[in-house]
There are 2 protein chains.
Amino acid sequence: MTLLWRRTLGTPQGARGPKQRVSVDEVIQAGIAVADADGLPAFSMRKVADRLGLKLMSIYTYVPGRPELIGLMVDEVTGEIPHPPHHGDWRSRLTAVARHQWDEYHRHPWLLQVESSRPWIGPNGCDRYEWQLAAVDGAGLTDIQMDQVVTMVLAFTAGAARMSVLARHTTEESGISDVQWWDANAPILEKVMPPGAYPLAGRVGTAAGEEYNAVSDPDRSFRFGLERLLDGVEVLLR
Amino acid sequence: MTLLWRRTLGTPQGARGPKQRVSVDEVIQAGIAVADADGLPAFSMRKVADRLGLKLMSIYTYVPGRPELIGLMVDEVTGEIPHPPHHGDWRSRLTAVARHQWDEYHRHPWLLQVESSRPWIGPNGCDRYEWQLAAVDGAGLTDIQMDQVVTMVLAFTAGAARMSVLARHTTEESGISDVQWWDANAPILEKVMPPGAYPLAGRVGTAAGEEYNAVSDPDRSFRFGLERLLDGVEVLLR
DNA sequence: TTAAACTCCGTATGCCTTACGGAAAATTGT
DNA sequence: ACAATTTTCCGTAAGGCATACGGAGTTTAA
(Lines give C-alpha, C1' and ligand atoms only; values in the text may rest on other atoms or scores of the structure.)
Protein backbone atom coordinates (compact mmCIF):
# COMPACT_ATOMS: atom_id res chain seq x y z
CA MET A 1 0.00 0.00 0.00
CA THR A 2 2.75 2.42 0.93
CA LEU A 3 4.53 1.32 -2.22
CA LEU A 4 1.45 1.85 -4.37
CA TRP A 5 0.99 5.41 -3.19
CA ARG A 6 4.73 6.12 -3.00
CA ARG A 7 4.41 9.11 -5.35
CA THR A 8 2.04 11.05 -3.11
CA LEU A 9 3.57 9.77 0.13
CA GLY A 10 7.16 10.50 -0.78
CA THR A 11 10.20 8.41 0.12
CA PRO A 12 10.16 7.51 3.84
CA GLN A 13 13.27 9.17 5.28
CA GLY A 14 16.28 7.73 7.07
CA ALA A 15 18.21 5.38 4.82
CA ARG A 16 21.00 4.06 6.93
CA GLY A 17 22.42 1.14 4.97
CA PRO A 18 24.09 1.06 1.54
CA LYS A 19 22.40 2.86 -1.31
CA GLN A 20 19.97 0.78 -3.35
CA ARG A 21 21.46 -0.10 -6.73
CA VAL A 22 18.16 0.36 -8.55
CA SER A 23 14.78 1.88 -7.71
CA VAL A 24 11.37 0.39 -7.01
CA ASP A 25 10.20 1.84 -10.33
CA GLU A 26 12.95 0.01 -12.17
CA VAL A 27 11.93 -3.22 -10.48
CA ILE A 28 8.34 -2.66 -11.59
CA GLN A 29 9.41 -1.83 -15.15
CA ALA A 30 11.57 -4.94 -15.27
CA GLY A 31 8.63 -6.97 -13.97
CA ILE A 32 6.37 -5.59 -16.70
CA ALA A 33 8.98 -6.43 -19.33
CA VAL A 34 9.24 -10.01 -18.09
CA ALA A 35 5.46 -10.46 -17.94
CA ASP A 36 5.04 -8.96 -21.41
CA ALA A 37 7.59 -11.40 -22.78
CA ASP A 38 6.69 -14.60 -20.95
CA GLY A 39 3.21 -14.23 -19.48
CA LEU A 40 2.29 -14.39 -15.82
CA PRO A 41 2.70 -18.13 -15.18
CA ALA A 42 6.30 -17.95 -16.41
CA PHE A 43 6.91 -14.65 -14.63
CA SER A 44 9.48 -15.30 -11.95
CA MET A 45 11.40 -13.24 -9.43
CA ARG A 46 14.65 -14.68 -10.77
CA LYS A 47 13.98 -13.31 -14.26
CA VAL A 48 13.27 -9.87 -12.83
CA ALA A 49 16.52 -10.00 -10.88
CA ASP A 50 18.52 -11.15 -13.91
CA ARG A 51 17.14 -8.30 -15.99
CA LEU A 52 18.33 -5.80 -13.37
CA GLY A 53 21.75 -7.37 -12.87
CA LEU A 54 20.85 -8.30 -9.32
CA LYS A 55 20.70 -11.66 -7.60
CA LEU A 56 17.40 -13.26 -6.81
CA MET A 57 17.06 -12.43 -3.13
CA SER A 58 17.86 -8.73 -3.52
CA ILE A 59 14.48 -8.18 -5.15
CA TYR A 60 12.85 -8.92 -1.82
CA THR A 61 14.41 -5.78 -0.34
CA TYR A 62 12.38 -3.72 -2.82
CA VAL A 63 9.04 -5.51 -2.73
CA PRO A 64 7.65 -7.96 -0.17
CA GLY A 65 6.95 -10.74 -2.65
CA ARG A 66 5.62 -11.86 -5.97
CA PRO A 67 1.91 -10.96 -5.50
CA GLU A 68 2.75 -7.46 -4.29
CA LEU A 69 5.04 -6.86 -7.25
CA ILE A 70 2.28 -7.91 -9.61
CA GLY A 71 -0.11 -5.52 -7.88
CA LEU A 72 2.37 -2.70 -8.42
CA MET A 73 2.81 -3.69 -12.06
CA VAL A 74 -0.95 -3.54 -12.61
CA ASP A 75 -1.26 -0.03 -11.24
CA GLU A 76 1.79 1.03 -13.23
CA VAL A 77 0.40 -0.05 -16.61
CA THR A 78 -2.96 1.46 -15.65
CA GLY A 79 -1.24 4.83 -15.66
CA GLU A 80 0.86 4.12 -18.73
CA ILE A 81 -1.38 5.86 -21.28
CA PRO A 82 -3.06 9.03 -19.96
CA HIS A 83 -6.84 9.05 -20.17
CA PRO A 84 -7.82 11.39 -23.00
CA PRO A 85 -10.34 14.08 -21.93
CA HIS A 86 -13.91 13.17 -22.79
CA HIS A 87 -15.74 14.91 -25.59
CA GLY A 88 -18.77 14.08 -27.72
CA ASP A 89 -21.82 12.15 -26.59
CA TRP A 90 -21.92 9.28 -24.13
CA ARG A 91 -21.77 6.76 -26.94
CA SER A 92 -18.44 7.91 -28.31
CA ARG A 93 -17.14 8.32 -24.75
CA LEU A 94 -18.02 4.77 -23.78
CA THR A 95 -16.46 3.55 -27.00
CA ALA A 96 -13.25 5.34 -26.03
CA VAL A 97 -13.34 3.72 -22.58
CA ALA A 98 -13.79 0.26 -24.07
CA ARG A 99 -11.14 0.78 -26.73
CA HIS A 100 -8.69 2.07 -24.14
CA GLN A 101 -9.15 -1.09 -22.09
CA TRP A 102 -9.02 -3.30 -25.19
CA ASP A 103 -5.70 -1.79 -26.26
CA GLU A 104 -4.30 -2.17 -22.78
CA TYR A 105 -5.15 -5.86 -22.68
CA HIS A 106 -3.37 -6.32 -25.97
CA ARG A 107 -0.31 -4.39 -24.83
CA HIS A 108 -0.14 -6.42 -21.61
CA PRO A 109 -2.01 -9.70 -22.04
CA TRP A 110 -0.94 -10.89 -18.60
CA LEU A 111 -3.46 -8.43 -17.10
CA LEU A 112 -6.06 -11.06 -17.93
CA GLN A 113 -4.14 -13.64 -15.92
CA VAL A 114 -3.97 -11.61 -12.72
CA GLU A 115 -5.88 -13.30 -9.94
CA SER A 116 -5.39 -10.84 -7.18
CA SER A 117 -6.88 -12.43 -4.12
CA ARG A 118 -7.02 -8.84 -2.88
CA PRO A 119 -7.71 -5.81 -5.08
CA TRP A 120 -4.89 -3.32 -4.65
CA ILE A 121 -6.31 0.19 -4.86
CA GLY A 122 -3.60 2.36 -6.35
CA PRO A 123 -3.63 5.94 -7.59
CA ASN A 124 -3.89 5.02 -11.26
CA GLY A 125 -6.72 2.58 -10.56
CA CYS A 126 -8.64 5.41 -8.88
CA ASP A 127 -8.05 7.77 -11.79
CA ARG A 128 -9.20 5.09 -14.19
CA TYR A 129 -12.50 4.49 -12.40
CA GLU A 130 -13.22 8.21 -12.18
CA TRP A 131 -12.55 8.60 -15.92
CA GLN A 132 -14.75 5.64 -16.80
CA LEU A 133 -17.67 7.00 -14.77
CA ALA A 134 -17.23 10.43 -16.36
CA ALA A 135 -18.01 8.84 -19.72
CA VAL A 136 -21.63 8.27 -18.72
CA ASP A 137 -22.03 11.25 -16.42
CA GLY A 138 -24.90 13.51 -17.41
CA ALA A 139 -26.45 10.98 -19.78
CA GLY A 140 -29.52 10.59 -17.63
CA LEU A 141 -28.61 7.44 -15.72
CA THR A 142 -28.97 6.90 -11.99
CA ASP A 143 -25.80 6.42 -9.96
CA ILE A 144 -26.42 2.69 -9.81
CA GLN A 145 -27.03 2.49 -13.53
CA MET A 146 -23.82 4.39 -14.21
CA ASP A 147 -21.91 1.77 -12.26
CA GLN A 148 -23.74 -1.04 -13.98
CA VAL A 149 -23.21 0.29 -17.49
CA VAL A 150 -19.50 0.79 -16.93
CA THR A 151 -19.18 -2.64 -15.35
CA MET A 152 -21.02 -4.18 -18.28
CA VAL A 153 -18.74 -2.56 -20.87
CA LEU A 154 -15.67 -3.66 -18.94
CA ALA A 155 -16.92 -7.21 -18.54
CA PHE A 156 -17.60 -7.52 -22.25
CA THR A 157 -14.27 -5.95 -23.15
CA ALA A 158 -12.38 -8.29 -20.84
CA GLY A 159 -14.14 -11.35 -22.25
CA ALA A 160 -13.61 -10.30 -25.86
CA ALA A 161 -9.98 -9.38 -25.19
CA ARG A 162 -9.40 -12.74 -23.57
CA MET A 163 -10.60 -14.50 -26.72
CA SER A 164 -8.50 -12.21 -28.89
CA VAL A 165 -5.33 -12.62 -26.89
CA LEU A 166 -5.78 -16.38 -26.69
CA ALA A 167 -6.24 -16.62 -30.45
CA ARG A 168 -3.16 -14.49 -31.10
CA HIS A 169 -1.12 -16.47 -28.63
CA THR A 170 -2.14 -19.75 -30.23
CA THR A 171 -1.11 -18.62 -33.70
CA GLU A 172 2.18 -17.11 -32.59
CA GLU A 173 3.16 -19.87 -30.21
CA SER A 174 2.50 -22.81 -32.49
CA GLY A 175 3.60 -21.02 -35.66
CA ILE A 176 0.61 -22.60 -37.36
CA SER A 177 -2.06 -20.38 -38.86
CA ASP A 178 -5.75 -21.01 -38.28
CA VAL A 179 -6.18 -22.34 -41.79
CA GLN A 180 -3.20 -24.68 -41.62
CA TRP A 181 -4.34 -26.00 -38.28
CA TRP A 182 -7.85 -26.57 -39.55
CA ASP A 183 -6.64 -28.32 -42.68
CA ALA A 184 -4.55 -30.65 -40.53
CA ASN A 185 -7.38 -31.47 -38.13
CA ALA A 186 -10.27 -31.68 -40.58
CA PRO A 187 -9.51 -35.24 -41.75
CA ILE A 188 -9.38 -36.51 -38.17
CA LEU A 189 -12.59 -34.76 -37.23
CA GLU A 190 -14.41 -36.08 -40.27
CA LYS A 191 -13.54 -39.61 -39.26
CA VAL A 192 -14.52 -39.07 -35.70
CA MET A 193 -17.68 -37.00 -35.97
CA PRO A 194 -20.94 -38.66 -36.99
CA PRO A 195 -21.77 -37.15 -40.41
CA GLY A 196 -24.62 -34.67 -40.28
CA ALA A 197 -24.50 -34.50 -36.51
CA TYR A 198 -23.62 -30.81 -36.48
CA PRO A 199 -25.61 -29.12 -39.27
CA LEU A 200 -25.55 -25.58 -37.83
CA ALA A 201 -21.96 -25.73 -36.64
CA GLY A 202 -20.91 -26.96 -40.05
CA ARG A 203 -22.86 -24.33 -41.99
CA VAL A 204 -22.04 -21.37 -39.77
CA GLY A 205 -18.46 -22.47 -39.19
CA THR A 206 -17.85 -22.68 -42.92
CA ALA A 207 -19.47 -19.30 -43.57
CA ALA A 208 -17.45 -17.69 -40.79
CA GLY A 209 -14.23 -19.31 -41.98
CA GLU A 210 -14.71 -17.93 -45.49
CA GLU A 211 -15.67 -14.48 -44.25
CA TYR A 212 -12.81 -14.12 -41.76
CA ASN A 213 -10.16 -16.18 -43.56
CA ALA A 214 -9.59 -17.60 -40.09
CA VAL A 215 -11.43 -19.41 -37.32
CA SER A 216 -12.39 -16.08 -35.76
CA ASP A 217 -11.94 -12.34 -36.18
CA PRO A 218 -11.55 -11.03 -32.64
CA ASP A 219 -11.34 -7.33 -33.45
CA ARG A 220 -14.48 -7.51 -35.56
CA SER A 221 -16.26 -9.45 -32.82
CA PHE A 222 -15.31 -6.76 -30.34
CA ARG A 223 -16.63 -3.96 -32.51
CA PHE A 224 -19.83 -5.83 -33.31
CA GLY A 225 -20.53 -6.69 -29.69
CA LEU A 226 -19.80 -3.19 -28.47
CA GLU A 227 -22.26 -1.68 -30.96
CA ARG A 228 -25.02 -4.06 -29.80
CA LEU A 229 -24.20 -3.27 -26.20
CA LEU A 230 -24.42 0.47 -26.78
CA ASP A 231 -27.69 0.03 -28.69
CA GLY A 232 -28.94 -1.70 -25.56
CA VAL A 233 -27.92 1.25 -23.42
CA GLU A 234 -29.76 3.54 -25.82
CA VAL A 235 -32.92 1.49 -25.30
CA LEU A 236 -32.43 1.87 -21.57
CA LEU A 237 -32.16 5.64 -21.85
CA ARG A 238 -35.61 5.88 -23.47
CA MET B 1 -7.17 -36.37 -29.73
CA THR B 2 -7.73 -40.12 -29.54
CA LEU B 3 -8.35 -39.68 -25.84
CA LEU B 4 -10.86 -36.87 -26.40
CA TRP B 5 -12.94 -38.95 -28.77
CA ARG B 6 -12.38 -42.20 -26.90
CA ARG B 7 -16.13 -42.80 -26.50
CA THR B 8 -16.84 -42.89 -30.23
CA LEU B 9 -13.52 -44.48 -31.12
CA GLY B 10 -13.72 -47.27 -28.55
CA THR B 11 -10.84 -48.74 -26.59
CA PRO B 12 -7.88 -49.51 -28.87
CA GLN B 13 -7.45 -53.29 -28.70
CA GLY B 14 -4.86 -55.63 -27.23
CA ALA B 15 -3.85 -54.73 -23.73
CA ARG B 16 -0.89 -56.93 -23.04
CA GLY B 17 0.64 -55.65 -19.85
CA PRO B 18 -0.82 -55.52 -16.35
CA LYS B 19 -4.36 -54.25 -15.97
CA GLN B 20 -4.67 -50.52 -15.38
CA ARG B 21 -5.65 -49.89 -11.77
CA VAL B 22 -7.93 -47.01 -12.68
CA SER B 23 -9.43 -45.65 -15.90
CA VAL B 24 -8.78 -42.53 -17.95
CA ASP B 25 -12.17 -41.26 -16.83
CA GLU B 26 -11.21 -41.63 -13.20
CA VAL B 27 -8.00 -39.68 -13.86
CA ILE B 28 -10.05 -36.92 -15.49
CA GLN B 29 -12.54 -36.86 -12.61
CA ALA B 30 -9.71 -36.71 -10.08
CA GLY B 31 -8.18 -33.87 -12.07
CA ILE B 32 -11.46 -31.95 -12.00
CA ALA B 33 -11.73 -32.48 -8.26
CA VAL B 34 -8.23 -31.13 -7.70
CA ALA B 35 -8.80 -28.12 -9.95
CA ASP B 36 -12.14 -27.36 -8.27
CA ALA B 37 -10.46 -27.42 -4.88
CA ASP B 38 -7.19 -25.63 -5.58
CA GLY B 39 -7.49 -23.77 -8.89
CA LEU B 40 -5.39 -24.31 -11.97
CA PRO B 41 -2.09 -22.78 -10.83
CA ALA B 42 -2.01 -25.14 -7.84
CA PHE B 43 -3.26 -28.06 -9.92
CA SER B 44 -0.47 -30.63 -10.02
CA MET B 45 0.00 -34.12 -11.37
CA ARG B 46 1.11 -35.27 -7.93
CA LYS B 47 -2.19 -34.27 -6.35
CA VAL B 48 -4.10 -36.15 -9.02
CA ALA B 49 -1.96 -39.22 -8.38
CA ASP B 50 -2.40 -38.97 -4.61
CA ARG B 51 -6.15 -38.75 -4.98
CA LEU B 52 -6.16 -41.98 -6.99
CA GLY B 53 -3.78 -43.88 -4.72
CA LEU B 54 -1.16 -43.98 -7.44
CA LYS B 55 2.36 -42.66 -7.55
CA LEU B 56 3.18 -39.59 -9.55
CA MET B 57 4.69 -41.15 -12.66
CA SER B 58 1.87 -43.62 -13.23
CA ILE B 59 -0.40 -40.79 -14.34
CA TYR B 60 1.76 -40.38 -17.41
CA THR B 61 0.67 -43.83 -18.63
CA TYR B 62 -2.90 -42.52 -18.84
CA VAL B 63 -2.36 -39.07 -20.31
CA PRO B 64 0.68 -37.61 -22.09
CA GLY B 65 1.09 -34.64 -19.76
CA ARG B 66 -0.43 -31.80 -17.83
CA PRO B 67 -1.81 -29.70 -20.71
CA GLU B 68 -3.48 -32.69 -22.32
CA LEU B 69 -5.13 -33.69 -19.06
CA ILE B 70 -6.50 -30.18 -18.68
CA GLY B 71 -7.87 -30.35 -22.23
CA LEU B 72 -9.66 -33.58 -21.34
CA MET B 73 -11.01 -32.03 -18.15
CA VAL B 74 -12.44 -29.10 -20.10
CA ASP B 75 -14.33 -31.32 -22.51
CA GLU B 76 -15.53 -33.47 -19.63
CA VAL B 77 -17.13 -30.61 -17.71
CA THR B 78 -18.58 -29.27 -20.97
CA GLY B 79 -20.64 -32.46 -21.12
CA GLU B 80 -21.42 -32.52 -17.41
CA ILE B 81 -24.86 -30.89 -17.59
CA PRO B 82 -26.86 -31.90 -20.68
CA HIS B 83 -28.01 -29.02 -22.84
CA PRO B 84 -31.75 -28.55 -22.29
CA PRO B 85 -33.77 -28.57 -25.52
CA HIS B 86 -34.59 -25.08 -26.77
CA HIS B 87 -38.08 -23.67 -26.51
CA GLY B 88 -39.55 -20.19 -26.53
CA ASP B 89 -38.23 -17.22 -28.51
CA TRP B 90 -34.61 -16.43 -29.29
CA ARG B 91 -34.39 -14.13 -26.29
CA SER B 92 -35.20 -16.77 -23.71
CA ARG B 93 -32.99 -19.24 -25.59
CA LEU B 94 -29.98 -16.96 -25.53
CA THR B 95 -30.63 -16.29 -21.87
CA ALA B 96 -30.51 -20.03 -21.25
CA VAL B 97 -27.23 -20.30 -23.16
CA ALA B 98 -25.67 -17.50 -21.15
CA ARG B 99 -26.97 -18.80 -17.84
CA HIS B 100 -25.71 -22.30 -18.63
CA GLN B 101 -22.23 -20.92 -19.24
CA TRP B 102 -22.43 -18.68 -16.18
CA ASP B 103 -23.31 -21.61 -13.94
CA GLU B 104 -20.53 -23.70 -15.43
CA TYR B 105 -17.93 -21.03 -14.69
CA HIS B 106 -19.12 -20.92 -11.11
CA ARG B 107 -19.06 -24.70 -10.75
CA HIS B 108 -15.54 -24.84 -12.20
CA PRO B 109 -13.84 -21.46 -11.85
CA TRP B 110 -10.57 -22.86 -13.22
CA LEU B 111 -12.16 -22.87 -16.70
CA LEU B 112 -11.40 -19.16 -16.75
CA GLN B 113 -7.73 -19.90 -16.09
CA VAL B 114 -7.28 -22.30 -18.98
CA GLU B 115 -4.84 -20.92 -21.51
CA SER B 116 -4.87 -23.69 -24.05
CA SER B 117 -2.20 -22.80 -26.53
CA ARG B 118 -4.16 -25.13 -28.77
CA PRO B 119 -7.95 -25.52 -28.77
CA TRP B 120 -8.83 -29.16 -28.22
CA ILE B 121 -11.95 -29.97 -30.21
CA GLY B 122 -13.78 -32.65 -28.26
CA PRO B 123 -17.22 -34.19 -28.67
CA ASN B 124 -18.82 -32.16 -25.90
CA GLY B 125 -17.34 -28.95 -27.25
CA CYS B 126 -18.93 -29.68 -30.62
CA ASP B 127 -22.31 -30.40 -29.04
CA ARG B 128 -22.05 -27.17 -27.09
CA TYR B 129 -21.40 -25.01 -30.16
CA GLU B 130 -24.25 -26.64 -32.07
CA TRP B 131 -26.62 -26.02 -29.16
CA GLN B 132 -25.54 -22.41 -28.81
CA LEU B 133 -26.11 -21.71 -32.50
CA ALA B 134 -29.51 -23.37 -32.35
CA ALA B 135 -30.57 -20.70 -29.88
CA VAL B 136 -30.50 -18.03 -32.58
CA ASP B 137 -31.45 -20.24 -35.53
CA GLY B 138 -34.51 -18.98 -37.37
CA ALA B 139 -34.48 -15.56 -35.74
CA GLY B 140 -33.68 -13.82 -39.01
CA LEU B 141 -29.92 -13.43 -38.66
CA THR B 142 -27.34 -14.21 -41.32
CA ASP B 143 -24.91 -17.03 -40.67
CA ILE B 144 -22.18 -14.55 -39.82
CA GLN B 145 -24.47 -12.65 -37.48
CA MET B 146 -25.45 -15.87 -35.73
CA ASP B 147 -21.79 -16.53 -35.00
CA GLN B 148 -21.21 -12.96 -33.89
CA VAL B 149 -24.20 -12.84 -31.56
CA VAL B 150 -23.25 -16.10 -29.88
CA THR B 151 -19.62 -14.99 -29.58
CA MET B 152 -20.75 -11.70 -28.07
CA VAL B 153 -22.92 -13.37 -25.43
CA LEU B 154 -20.13 -15.75 -24.53
CA ALA B 155 -17.55 -12.97 -24.30
CA PHE B 156 -19.75 -10.95 -21.97
CA THR B 157 -20.59 -14.01 -19.88
CA ALA B 158 -16.92 -14.94 -19.53
CA GLY B 159 -15.99 -11.43 -18.50
CA ALA B 160 -18.82 -11.10 -16.00
CA ALA B 161 -18.13 -14.57 -14.58
CA ARG B 162 -14.48 -13.71 -14.19
CA MET B 163 -15.40 -10.70 -12.05
CA SER B 164 -17.86 -12.76 -10.06
CA VAL B 165 -15.49 -15.63 -9.40
CA LEU B 166 -12.68 -13.26 -8.48
CA ALA B 167 -14.91 -11.44 -6.01
CA ARG B 168 -16.08 -14.70 -4.44
CA HIS B 169 -12.55 -16.00 -4.23
CA THR B 170 -11.34 -12.84 -2.54
CA THR B 171 -14.02 -13.00 0.14
CA GLU B 172 -13.60 -16.70 0.81
CA GLU B 173 -9.82 -16.75 0.71
CA SER B 174 -9.19 -13.82 2.98
CA GLY B 175 -12.15 -14.48 5.24
CA ILE B 176 -12.81 -10.76 5.18
CA SER B 177 -16.10 -9.46 3.81
CA ASP B 178 -16.27 -6.56 1.38
CA VAL B 179 -17.54 -4.23 4.07
CA GLN B 180 -14.89 -5.20 6.61
CA TRP B 181 -12.18 -4.81 4.03
CA TRP B 182 -13.46 -1.41 2.98
CA ASP B 183 -13.73 -0.22 6.56
CA ALA B 184 -10.14 -1.25 7.14
CA ASN B 185 -8.80 0.46 4.04
CA ALA B 186 -10.90 3.64 4.09
CA PRO B 187 -8.76 5.48 6.67
CA ILE B 188 -5.59 4.79 4.68
CA LEU B 189 -7.20 5.89 1.43
CA GLU B 190 -8.54 9.07 2.97
CA LYS B 191 -5.04 10.02 4.07
CA VAL B 192 -3.55 9.18 0.74
CA MET B 193 -6.11 10.50 -1.72
CA PRO B 194 -6.37 14.22 -2.37
CA PRO B 195 -9.81 15.21 -1.02
CA GLY B 196 -12.33 15.92 -3.75
CA ALA B 197 -10.13 14.39 -6.40
CA TYR B 198 -12.63 11.65 -7.19
CA PRO B 199 -16.12 13.18 -7.03
CA LEU B 200 -17.86 10.66 -9.28
CA ALA B 201 -16.06 7.62 -7.90
CA GLY B 202 -16.97 8.75 -4.40
CA ARG B 203 -20.62 9.42 -5.15
CA VAL B 204 -21.25 6.37 -7.30
CA GLY B 205 -19.13 4.09 -5.14
CA THR B 206 -21.08 5.09 -2.05
CA ALA B 207 -24.44 4.65 -3.78
CA ALA B 208 -23.41 1.25 -5.10
CA GLY B 209 -22.07 0.16 -1.74
CA GLU B 210 -25.36 1.01 -0.04
CA GLU B 211 -27.44 -0.64 -2.73
CA TYR B 212 -25.44 -3.87 -2.89
CA ASN B 213 -24.29 -4.06 0.72
CA ALA B 214 -20.96 -4.94 -0.86
CA VAL B 215 -18.42 -3.53 -3.29
CA SER B 216 -20.19 -5.23 -6.17
CA ASP B 217 -23.15 -7.50 -6.93
CA PRO B 218 -21.85 -9.78 -9.69
CA ASP B 219 -25.06 -11.73 -10.29
CA ARG B 220 -27.04 -8.53 -10.65
CA SER B 221 -24.40 -7.09 -12.97
CA PHE B 222 -24.64 -10.19 -15.11
CA ARG B 223 -28.42 -9.99 -15.39
CA PHE B 224 -28.35 -6.27 -16.09
CA GLY B 225 -25.70 -6.56 -18.78
CA LEU B 226 -27.38 -9.50 -20.46
CA GLU B 227 -30.67 -7.60 -20.74
CA ARG B 228 -28.94 -4.62 -22.36
CA LEU B 229 -27.10 -6.98 -24.70
CA LEU B 230 -30.31 -8.69 -25.77
CA ASP B 231 -32.01 -5.31 -26.25
CA GLY B 232 -29.16 -4.55 -28.60
CA VAL B 233 -29.78 -7.73 -30.55
CA GLU B 234 -33.44 -6.78 -30.79
CA VAL B 235 -32.44 -3.45 -32.34
CA LEU B 236 -30.33 -5.38 -34.84
CA LEU B 237 -33.25 -7.58 -35.82
CA ARG B 238 -35.34 -4.55 -36.83
C1' DT C 1 34.04 6.10 17.43
C1' DT C 2 30.58 2.94 17.94
C1' DA C 3 26.07 1.09 17.37
C1' DA C 4 22.20 0.54 14.51
C1' DA C 5 20.01 -0.26 10.24
C1' DC C 6 20.00 -1.54 5.77
C1' DT C 7 21.47 -3.93 1.19
C1' DC C 8 22.92 -7.82 -1.11
C1' DC C 9 23.11 -12.54 -1.49
C1' DG C 10 24.41 -17.86 -0.29
C1' DT C 11 22.11 -21.61 1.35
C1' DA C 12 18.37 -24.59 2.30
C1' DT C 13 13.55 -26.31 2.07
C1' DG C 14 9.93 -27.87 -0.32
C1' DC C 15 7.13 -27.47 -4.08
C1' DC C 16 6.55 -28.45 -9.38
C1' DT C 17 7.05 -31.28 -14.43
C1' DT C 18 8.94 -34.73 -16.92
C1' DA C 19 12.83 -37.77 -19.10
C1' DC C 20 14.69 -42.30 -18.43
C1' DG C 21 15.10 -46.88 -17.08
C1' DG C 22 13.99 -51.06 -14.38
C1' DA C 23 10.96 -54.63 -12.35
C1' DA C 24 6.90 -57.06 -12.58
C1' DA C 25 2.62 -58.52 -14.86
C1' DA C 26 -0.36 -60.05 -18.52
C1' DT C 27 -1.20 -61.54 -23.12
C1' DT C 28 0.26 -63.56 -27.58
C1' DG C 29 2.47 -66.86 -30.40
C1' DT C 30 4.62 -71.17 -30.68
C1' DA D 1 3.31 -75.27 -21.37
C1' DC D 2 6.78 -71.90 -22.32
C1' DA D 3 8.97 -67.86 -24.26
C1' DA D 4 8.62 -63.30 -26.26
C1' DT D 5 6.49 -59.06 -26.21
C1' DT D 6 4.07 -55.33 -24.52
C1' DT D 7 2.46 -52.51 -20.96
C1' DT D 8 1.99 -50.75 -16.13
C1' DC D 9 3.84 -48.84 -12.19
C1' DC D 10 7.24 -46.29 -10.11
C1' DG D 11 12.26 -44.75 -8.26
C1' DT D 12 15.53 -41.52 -9.41
C1' DA D 13 17.31 -37.40 -11.08
C1' DA D 14 17.53 -32.93 -13.44
C1' DG D 15 16.06 -28.39 -13.66
C1' DG D 16 12.61 -25.00 -12.57
C1' DC D 17 10.03 -22.12 -8.95
C1' DA D 18 9.14 -18.93 -4.17
C1' DT D 19 10.83 -17.64 -0.08
C1' DA D 20 12.68 -18.15 5.00
C1' DC D 21 16.87 -17.28 7.39
C1' DG D 22 21.19 -15.63 8.48
C1' DG D 23 25.72 -13.56 7.45
C1' DA D 24 28.87 -10.04 5.54
C1' DG D 25 29.65 -5.67 4.37
C1' DT D 26 28.20 -0.58 3.98
C1' DT D 27 26.34 3.71 5.38
C1' DT D 28 24.39 6.88 8.58
C1' DA D 29 23.17 8.65 13.28
C1' DA D 30 24.26 9.23 17.95
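Remember, predicted model here, so these are calculated numbers, not experimental data. Quick note on labels: first sequence line is chain A, next is B, and so on, each numbered from 1.
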Yes or no on ring pair (Phe, Tyr, Trp, His ring centres under 6.0 Å) for A:Trp102 and A:Phe222, after CA distance, side-chain angles and deciding distance?
CA-CA 9 Å; A:Trp102 171 266; A:Phe222 171 61; 4.1 Å; yes

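Following rounding to the nearest Å, B:Tyr60 (OH) and C:dG22 (P) show an atom-to-atom distance of 21 Å. Put simply, CG on B:Asp38 is 13 Å from P on C:dC15, counting in whole angstrom units. If you measure from atom CD of B:Gln20 to atom C1' of C:dA24, you get 16 Å, rounded to the nearest angstrom. As a whole-Å value, the separation of B:Arg66 CZ from C:dA19 C1' is 18 Å. Taking atom CD1 on B:Ile59 and atom C1' on D:dC9, their separation rounds to 11 Å, with Å as the unit. One can place OH of B:Tyr62 at 18 Å from P of C:dT18, the figure rounded to the nearest angstrom. Distance, B:Asp50 CG to C:dC16 P: 9 Å, rounded to whole Å. Per the geometry, CZ belonging to B:Arg16 stands 16 Å off P belonging to D:dA3, to the nearest Å.
The pair B:Arg46-B:Asp50 does not meet the salt-bridge criterion, since no charged nitrogen lies less than 4.0 angstrom from a carboxylate oxygen. Salt bridge annotation for A:Arg7-A:Asp25: present, with a cationic side-chain nitrogen under 4.0 angstrom from a carboxylate oxygen. A salt bridge between B:Asp75 and B:Arg6 is absent, with no side-chain N of the basic residue lying under 4.0 Å from a carboxylate O of the acidic one.
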So what is the 5' to 3' dot-bracket string for DNA chain C, if pairs are Watson-Crick or G-U wobble with both distances under 3.5 Å, crossing pairs use [ ] and | means the partner sits on another strand?
||||||||||||||||||||||||||||||

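Panel note: side chain A:Arg21, backbone A:Leu54; no donor-acceptor pair is recorded below 3.5 Å. Although no hydrogens or angles enter the test, the distance criterion places a donor-acceptor pair under 3.5 Å between the side chain of A:Trp5 and the main chain of A:Ile121.
An OP1 or OP2 oxygen of C:dC8 is reached within less than 4.0 angstrom by no side-chain nitrogen or oxygen of A:Lys19. Distances shorter than 4.0 Å separate some side-chain N or O of B:Arg21 from OP1 or OP2 on D:dC10. The phosphate of C:dT7 (OP1 or OP2) has no side-chain N or O of A:Lys55 nearer than 4.0 angstrom.
Each of B:Pro67 and B:Pro18 lies near DNA chain C, and the nucleotide nearest B:Pro67 is the one positioned closer to the 5' end.
You'll find that the side chain of B:Ser44 is closest to C:dT17, out of C:dT17, C:dC9, D:dA18.
Within the nucleic acid shown, B:Thr61 comes within 4.0 Å of at least one base atom, counting heavy atoms only. Contacts of B:Met45 with the nucleic acid, taken as non-hydrogen atoms under 4.0 Å apart, involve only primed sugar atoms and P, OP1 or OP2.
Remark: the A:Thr151 side chain and the A:Gln148 side chain contain no N/O donor-acceptor pair separated by less than 3.5 Å.
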